[in-house]
**Student:** 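After the structure tokens below, expect a handful of questions from me.
Starting from 1, each residue takes its place in the sequence as its number.
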Amino acid sequence: SFNLFKIYYMNNQRGLKTGFEERLDSVAEKIINNDKCSIPGLVVLAKRGSDLYHKSFGLADKEKQLPMELDAQFRCFSMTKVFASAIALMLKEEGLLELDATVGKYIPSFDKNFDVIEEPIYGEADVNQIPYTSFMSGKTTNLPYVKKEAKNKILVKHCMAESAGIGYDMWTDFDLAFEQPIFGHQYGVVQSLRRQNGIGYYSSNSIIGQNATLEEYCDAIAAAGYLASEPGTFSYGLGALLLGRIIEVIWEKKVGRFVRFSEICNQKLFSPLNMDTAAFFLDDGDPRTSKIPQLYGAVAKDSSEKLEVKPYRDCLPNVESFPNTVTTDQYQGFRKCESGDTGSCMTVQDYAKFYEMLLADGLAADGTKILDSRSVKELTYGKFSGLNRESKIAQAFGLTGAHASFNYGWALEPKTDKLPHCNQWSGYANNHGRLYIEEEAYILVFPQFMASTPAGFPIGDTLIKEPLVQAFLSEWI
């Protein structure tokens with residue numbers, strides 16, 4: 001990804017060019033005022049060496065005309081995954097977790113044989129069909145599929161590399177919306193089969209809003225017994241949710257009592273790093289709730305190329321069986337599913353403290369050791385072997401390993417002759433972070449503009465992420 005970024009300055013002096021602030025302001029303002037799709041608001045935090053850029057733009061809520069503030073409480077979505085991997089590496093340091101062990105070693109319900117759902121090849125026997133209702137369109141489509149017994153067991157490292165076979169259902173929604181075979185229909189089939197078995201979890205429309213604890217959620221996935229890919233094949237989705245439950249199980253054995261995943265994150269990451277705003281769910285009356293921006297998306301107008309930006313809940317059809325709770329899941333509803341996959345929220349400044357710890361070789365600002373140096377190296381340079389990185393979704397994401405690959409909760413992009421070594425990933429709301437550990441640099445771009453609206457999906461990279469990252473790189477000296 002980001003093949004456009006050709007400007008790369010290397011020098012012993014690490015910083016940003018004089019006047020960088022004004023030029024980055026201009027790029028961000030163009031995103032807010034884009035003619036085709038005006039992104040309501042965002043916060044950008046970028047740093048190289050001692051030079052820092054931290055600004056807010058636009059509106060947190062355009063209907064109420066509330067400005068975006070630097071202390072906005074952002075939904076991090078899939079930028080949570082790397083936290084789960086970091087804690088897993090802490091447990092590995094203590095000899096409590098084996099990355100090559102089966103998930104069934106830690107979660108007994110996963111000690112079983114799963115069925116892998118595949119799209120049928122023409123002329124294949126034993127083809128089944130199941131209706132799938134798209135939360136993006138509200139339309140129901142009969143999807144053909146075949147079942148095959150999984151050849152491999154799900155391993156812990158598969159959860160970290162999002163190759164556990166438990167992909168998001170929304171990949172099928174995109175295929176149906178664009179009428180193109182981008183990702184595959186097996187993701188939607190698996191969700192429908194789970195629901196047919198009476199398990200109402202696992203919808204990208206209420207991604208952390210389920211009435212289930214991590215234990216209940218994981219056991220339900222196991223009870224249904226279906227995977228969207230062979231374990232070890234990139235199938236991006238709920239791997240880090242499983243990893244969060246594994247961490248809970250190990251922690252309980254370690255301390256002799258059950259501790260929720262969110263509290264483990266507080267103890268091992270958020271509190272020692274002074275990430276004071278970081279949380280999974282906010283209680284009623286928590287003042288951080290008022291700082292959460294509105295969640296937006298886009299829909300196409302019939303007679304114009306310009307997209308209509310609306311609150312996310314108004315961009316999707318009202319499907320009774322798929323309540324759209326993503327906007328409010330952090331501060332309303334059940335608040336049970338503490339997902340290492342997509343559940344955290346915090347200010348951008350607090351998220352940056354995780355990057356700062358990695359730049360400091362695992363130390364907090366006060367010198368407290370968070371991660372061993374070897375774990376920092378593994379998290380930022382490690383690439384798992386023995387994985388299938390040729391799936392449709394790996395190809396669509398540019399994660400085949402040719403340049404980038406997904407490993408410890410984020411993507412690894414090794415150094416090239418044009419670009420520095422980078423770890424990067426995004427979230428559901430087109431929020432994005434890139435850490436350049438060899439260059440004492442990073443950039444965080446946080447809008448709240450959902451990819452899971454048909455008109456919003458294609459523009460996240462080109463309209464929001466790429467211009468700011470390219471501009472940031474062009475300012476290096």
Side-chain angles (χ1 to χ4, degrees), residues 45 73-94 96-97 99 156-157 159-162 164 207-208 214 236-251 259-282 329-330 337-360 362-365 368-372 375-376 378-380 382 406-412 423-429 431-435 437 442 444 446:
L45 198 165
Q73 183 84 4
F74 284 98
R75 307 163 186 85
C76 298
F77 291 119
S78 286
M79 287 176 68
T80 305
K81 288 176 167 66
V82 70
F83 298 152
S85 283
I87 293 173
L89 288 175
M90 296 176 195
L91 297 176
K92 182 192 172 198
E93 288 174 13
E94 296 182 49
L96 300 175
L97 177 63
L99 303 193
V156 175
K157 70 179 183 181
C159 299
M160 302 171 85
E162 287 301 340
I207 202 159
I208 57 170
L214 280 189
Y236 191 76
L238 297 168
L241 182 138
L242 281 186
L243 185 60
R245 176 57 189 153
I246 291 168
I247 289 167
E248 284 186 343
V249 171
I250 293 172
W251 202 265
V259 180
R260 299 190 317 274
F261 177 67
S262 62
E263 181 54 33
I264 297 169
C265 287
N266 284 334
Q267 288 183 33
K268 301 300 286 183
L269 275 180
F270 300 160
S271 181
L273 290 176
N274 291 319
M275 297 165 68
D276 298 331
T277 63
F280 280 78
F281 295 115
L282 305 178
D329 279 342
Q330 254 91 13
C337 184
E338 297 179 337
S339 172
D341 157 51
T342 190
S344 67
C345 63
M346 65 193 73
T347 64
V348 178
Q349 188 169 15
D350 273 353
Y351 195 100
K353 292 172 183 176
F354 177 74
Y355 283 1
E356 291 283 357
M357 177 270 292
L358 296 176
L359 290 176
L363 300 180
T368 302
K369 180 181 173 183
I370 307 299
L371 268 180
D372 186 87
S375 294
V376 173
E378 188 170 355
L379 189 69
T380 53
F406 194 94
N407 298 282
Y408 292 80
W410 54 3
L412 164 68
N423 299 100
Q424 59 89 5
W425 203 239
S426 299
Y428 208 7
N431 46 300
H432 183 67
R434 300 179 77 86
L435 172 68
I437 196 164
Y442 57 83
L444 291 158
F446 269 70

**Student:** For a quick test of reading the model, state the closest non-hydrogen atom pair linking S344 to Q330 and the distance between them.
**Tutor:**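 Smallest interatomic distance, heavy atoms only, reads O-NE2, 3.8 Å.
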
**Student:** Which heavy atom of L242 sits nearest to which heavy atom of A164, and what is that distance?
**Tutor:**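 What the structure gives for the nearest pair is CD1-CB, 4.5 Å.
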
**Student:** Are W251 and L91 packed together at the side-chain level, in the sense that at least one heavy-atom pair is separated by less than 4.5 angstrom?
**Tutor:**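 Of all side-chain heavy-atom pairs linking L91 with W251, at least one is under 4.5 Å.
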
**Student:** State, with a plain yes or no, whether a side-chain heavy atom of S262 is found less than 4.5 Å away from one of F281.
**Tutor:**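 S262 does not reach F281 side chain to side chain.
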
**Student:** Without swapping roles, check the side chain of E162 against the backbone of G239 for a donor-acceptor pair under 3.5 Å.
**Tutor:**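 Side chain of E162 to backbone of G239: a pair is present.
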
**Student:** With side chains defined as the heavy atoms from C-beta onward, is the minimum distance between L358 and L371 less than 4.5 Å?
**Tutor:**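 Contact flag for L358/L371 side chains = yes.
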
**Student:** Hey, are the side chains of F406 and K81 touching, using non-hydrogen atoms and a 4.5 Å cut-off?
**Tutor:**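 Yes, their side chains come closer than 4.5 Å.
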
**Student:** L214 and L241: which non-hydrogen atoms are nearest, and at how many Å?
**Tutor:**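 For L214 versus L241, the nearest heavy atoms are CD2-CG, 3.8 Å.
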
**Student:** Between the main-chain N or O of D276 and the side-chain N or O of D350, is there a donor-acceptor pair closer than 3.5 Å?
**Tutor:**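 Between the backbone of D276 and the side chain of D350 there is a qualifying donor-acceptor contact (under 3.5 Å).
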
**Student:** Q73 side chain to T277 main-chain N or O, any donor-acceptor pair under 3.5 Å?
**Tutor:**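 Answer holds: yes.
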
**Student:** In Å and rounded to the nearest 0.5 Å, what is the CG to CD1 distance from L97 to I250?
**Tutor:**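 One gets 4.0 Å once the value is rounded to the nearest 0.5 Å.
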
**Student:** Looking at every heavy atom in both K353 and N274, which two are closest together, and how far apart are they?
**Tutor:**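 So the minimum-distance heavy-atom pair works out to NZ-O, 2.6 Å.
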
**Student:** State whether the side chain of E248 and the backbone N or O of R260 hold a donor-acceptor pair below 3.5 Å, judged by distance alone.
**Tutor:**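 The answer is no, because no donor-acceptor pair under 3.5 Å joins these two groups.
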
**Student:** Between CD1 of I207 and OG1 of T342, what distance do you get to the nearest 0.5 Å?
**Tutor:**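 Between atom CD1 of I207 and atom OG1 of T342 there are 4.5 Å.
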
**Student:** Grab the two heavy atoms, one from A352 and one from L45, that are nearest each other, plus how far apart they are.
**Tutor:**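 The pair with the smallest heavy-atom distance is CB-CD1, 4.0 Å.
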
**Student:** What distance separates T80 OG1 from M346 CE, expressed to the nearest 0.5 Å?
**Tutor:**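 The OG1 atom of T80 sits 6.5 Å away from the CE atom of M346.
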
**Student:** What distance do K369 atom NZ and E93 atom CD have between them, rounded to the nearest 0.5 Å?
**Tutor:**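 Answer rounded to 0.5 Å: 6.0 Å.
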
**Student:** Under 3.5 Å, side chain of W410 to main-chain N/O of L379, donor-acceptor pair present?
**Tutor:**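 Pair found, side chain donor or acceptor close to backbone of L379.
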
**Student:** Using the rule ring pair (Phe, Tyr, Trp, His ring centres under 6.0 Å), only one of F270, F83, F74, F77 pairs with Y351; which is it?
**Tutor:**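 Exactly one option meets the ring pair (Phe, Tyr, Trp, His ring centres under 6.0 Å) with Y351, and it is F83.
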
**Student:** F261 and F280: aromatic ring centres closer than 6.0 Å?
**Tutor:**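 Between F261 and F280, the centre distance is under 6.0 Å.
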
**Student:** If you round to the nearest 0.5 Å, how far is CD1 of I208 from SG of C345?
**Tutor:**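 The distance works out to 7.5 Å.
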
**Student:** Under the side-chain contact (heavy atoms from CB on, under 4.5 Å) rule, what do L99 and Y408 come out as? Steps first, then yes or no, please.
**Tutor:** CA-CA 11 Å; L99 303 193; Y408 292 80; 4.1 Å; yes

**Student:** Distance from Y355 atom OH to L273 atom CG, nearest 0.5 Å?
**Tutor:**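 Those atoms lie 13.5 Å apart.
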
**Student:** For Q267 and P272, work out which heavy atoms get closest and say how close.
**Tutor:**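 Smallest interatomic distance, heavy atoms only, reads O-CD, 3.4 Å.
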
**Student:** Determine whether a donor-acceptor pair (N or O, by modelled atom type, separation under 3.5 Å) exists between the side chain of H432 and the backbone of G427.
**Tutor:**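 Such a contact is absent between H432 side chain and G427 backbone.
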
**Student:** Under a 4.5 Å cut-off applied to non-hydrogen side-chain atoms, are M90 and L269 in contact?
**Tutor:**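 Yes, at least one pair of side-chain atoms sits under 4.5 Å.
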
**Student:** Does the side chain of L359 reach to within under 4.5 Å of the side chain of I437, using non-hydrogen atoms?
**Tutor:**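 Result yes, sub-4.5 Å side-chain heavy-atom pair found.
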
